[in-house]
Protein chains: 2
Amino acid sequence: MIDFDLLSRSPVFKGITPDHLKAIMQEIHYQVKNFGKNEMVVHSGDECSRLFIVLEGSVKGEMADYTGKTIKIEDIAAPRPLAAAFLFGANNRFPVTVITNEPVRLLCIERSEFLKILQQDSQILTNYLNSISSRAQFLSQRIRFLSFKTIRQKIAHYLLDLAGDRLAVVELPLSQAQLAEFFGVTRPALARALGELDQEGLIQVQRRVIRIQDKGKMNELLKG
Amino acid sequence: MIDFDLLSRSPVFKGITPDHLKAIMQEIHYQVKNFGKNEMVVHSGDECSRLFIVLEGSVKGEMADYTGKTIKIEDIAAPRPLAAAFLFGANNRFPVTVITNEPVRLLCIERSEFLKILQQDSQILTNYLNSISSRAQFLSQRIRFLSFKTIRQKIAHYLLDLAGDRLAVVELPLSQAQLAEFFGVTRPALARALGELDQEGLIQVQRRVIRIQDKGKMNELLKG
DNA sequence: GGAGAAGTGTATCATTTGTTACAAACACGT
DNA sequence: ACGTGTTTGTAACAAATGATACACTTCTCC
């Protein structure tokens, strides 16, 4: 049995009433699969020909590097879909290995069946397009961010983005350690860079609260 | 007038016969706009509510950094679409400014009209999904690549990827200078790293031709 | 074959960042 | 107020890379 109430809150089916969703699902072929704890759902490199949506429990995506060591990428809990961006596209293979954190129920829909849904319901189509489109945009921004060479540049970009047009005083939403990880640098290096910018009078740092003193010079940093 | 023969070779309309495409287009509302040379088509930050496809000529995407300096991102020639991944998604704004390289004819389709097409024709829907999905995958891989810290790691990843399961001898498809730019490092630094890997016996470099001597140790590099 | 251009190997030094370690400031429960 | 754990500020040294310069090879065109 499927909890259509929960499923209708999934990003893919947002805005669809549970009843309507139930009607839609009756028209197509799908499967519900049960997994135990720590079971492997898909293996990295498997062909991605079905859409998976977590109905119950949560799974984690792990990426295996060349040595076999695995790194956890992200957790996905009900009712979110699984690797939605990889259902279509040139190379339909999972980039990650997916393993259950706990007992899990998965909704599996063949790509061709899911296509039927997309053609039938414009709301779901829009949802899905928005979803992978947003992901592409997010990734695009992330690449732009990663292309900044120095820590100073990353800080400048981050702070200016955070401040926007508003006042020049911002409070960091992350701890330095988290921010350092987001920047892809070490925590002491980040603290040092913040300290230097403070000494040079570009910003004023009081733990999490930062005042941008000289927006002009901060912009200058992004030049090179 | 639209050259449906050309348009049917666009990634979005691939696999559709020119006649069928003509029939589809007669059902919906669209515009064809003409631009002169060096005219601005869209400005960075503009709302992206229409799909643009280049019918004639070519345009370039430029990104403005905080200082106002512009960097050319890519050229788009007929019959390719423009910023297809930004038509949907959370923040529908162009990340780039688009300027014509020469006199250009553009096909403009409102998002709502394009949605009609997507629902009507499963081939076009699949094309479009493949297109933005591929882009997300490409960006995803690029981020993974950028997350390698050292040049040695980038080299290892690049070479192992290039070699695949085949022999251990690969010929670089790019010059060192181009490869260095792709890696986001300087050319001498890349050459130095290659030289060191050679000295350590992991690879054997003869200008563009590289022989991977020790795949095991190359894999090790990707650990840390 | 020779001249010039492009690509490659290498060296030196400056700059940036990672690494490690430790002290100071803060948060929170008792 | 007091300890305890977390977060933040700083320091010293090592490692990696950038910047710059130059010699050498290979290619191409004449």
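Within every chain, numbering begins at 1; the chains are lettered A, B, ... in the order of the sequence lines, protein sequences first and strands thereafter. The basis for the numbers below is simple: all heavy atoms, side chains too, and nothing from hydrogens, waters or symmetry mates. Values in this document were obtained by computation on a predicted structure and should not be read as measured data.
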Let me check something: any side-chain donor-acceptor pairs from residues 209-216 of chain A under 3.5 Å, sequence neighbours excluded? List them with distances.
{"residue": "Q213(A)", "atom": "NE2", "partner": "Q204(A)", "partner atom": "OE1", "Å": "2.0"}
{"residue": "D214(A)", "atom": "OD1", "partner": "G216(A)", "partner atom": "N", "Å": "3.2"}
{"residue": "D214(A)", "atom": "OD1", "partner": "K217(A)", "partner atom": "N", "Å": "3.1"}
{"residue": "K215(A)", "atom": "NZ", "partner": "G164(A)", "partner atom": "O", "Å": "3.2"}

Check your understanding: Please walk me through it: do V104(B) and N34(B) pass side-chain contact (heavy atoms from CB on, under 4.5 Å)?
Key -> CA-CA 6 Å; V104(B) 156; N34(B) 293 295; over 6 Å; no
**Study point:** Integer-rounded Å distance: dT8(D) C1' and I210(A) CD1
**Key:** 12 Å
Exercise for review: Give a yes or no on whether a donor-acceptor pair under 3.5 Å exists between the nucleobase atoms of dG9(C), that is its base, and the side chain of R187(B).
Suggested key: yes
Review point. What integer distance in Å separates D198(B):CG from dT8(C):P?
Key: 15 Å
Review point. Taking CZ from R208(A) and C1' from dT8(D), how many angstroms apart are they, rounded to a whole number?
Key: 10 Å
Review point. How many Å lie between CD on Q176(A) and P on dA25(C), as a whole number?
Key: 15 Å
**Study point:** Flag, side chain of T100(A) to backbone of F35(A), donor-acceptor distance under 3.5 Å
**Key:** no
Review point. What residues, two or more places apart in sequence or in another chain, satisfy side chain to side chain contact (heavy atoms under 4.5 Å, CB included) together with A77(A)?
Key: S58(A)
Review point. Stepwise, does the ring-ring contact (aromatic ring centres under 6.0 Å, His included) test hold for F94(A) with H43(A)?
Key: CA-CA 7 Å; F94(A) 278 98; H43(A) 187 273; over 10 Å; no
Exercise for review: Could you pull out the closest heavy-atom pair between E47(A) and R93(A), with the gap in Å?
Suggested key: N-NH1, 3.6 Å
**Study point:** Listed partners of E200(B) passing side-chain hydrogen bond (donor to acceptor under 3.5 Å, both in side chains), at least two apart
**Key:** R152(B)
**Study point:** Residues in salt bridge (Lys or Arg N to Asp or Glu O under 4.0 Å) contact with R9(A), at least two apart in sequence or another chain
**Key:** D5(A)
Practice item. Look at atom CD of E181(A) and say whether more than 12 heavy atoms of other residues, nucleotides or ligands are closer to it than 6.0 Å. Key: no
Practice item. Note down the inter-axis angle between the two ends of the helix from dG1(C)-dC30(D) to dT30(C)-dA1(D), five pairs each, to the nearest 10°. Key: 40°
Revision key, fill the gap. Q153(A) atom CD is separated from dT17(D) atom P, nearest whole Å, by 18 Å
Revision key, fill the gap. note: Q204(A), atom CD; dT8(D), atom C1'; distance rounded to Å ~ 17 Å
Could you write out each protein N or O paired with an N or O of nucleotides 13-18 of chain C at a distance under 3.5 Å?
{"residue": "dT17(C)", "atom": "OP1", "partner": "I151(A)", "partner atom": "N", "Å": "2.6"}
{"residue": "dG18(C)", "atom": "OP2", "partner": "T186(A)", "partner atom": "N", "Å": "3.3"}
{"residue": "dG18(C)", "atom": "OP2", "partner": "T186(A)", "partner atom": "OG1", "Å": "3.1"}
{"residue": "dG18(C)", "atom": "N7", "partner": "R192(A)", "partner atom": "NH2", "Å": "3.2"}
{"residue": "dG18(C)", "atom": "O6", "partner": "R192(A)", "partner atom": "NH1", "Å": "3.2"}

Exercise for review: Return the value, rounded to whole Å, for the distance between atom CD of Q206(A) and atom C1' of dA24(C).
Suggested key: 16 Å
**Study point:** d(CD1, I155(B); P, dT8(C)) in whole Å
**Key:** 13 Å
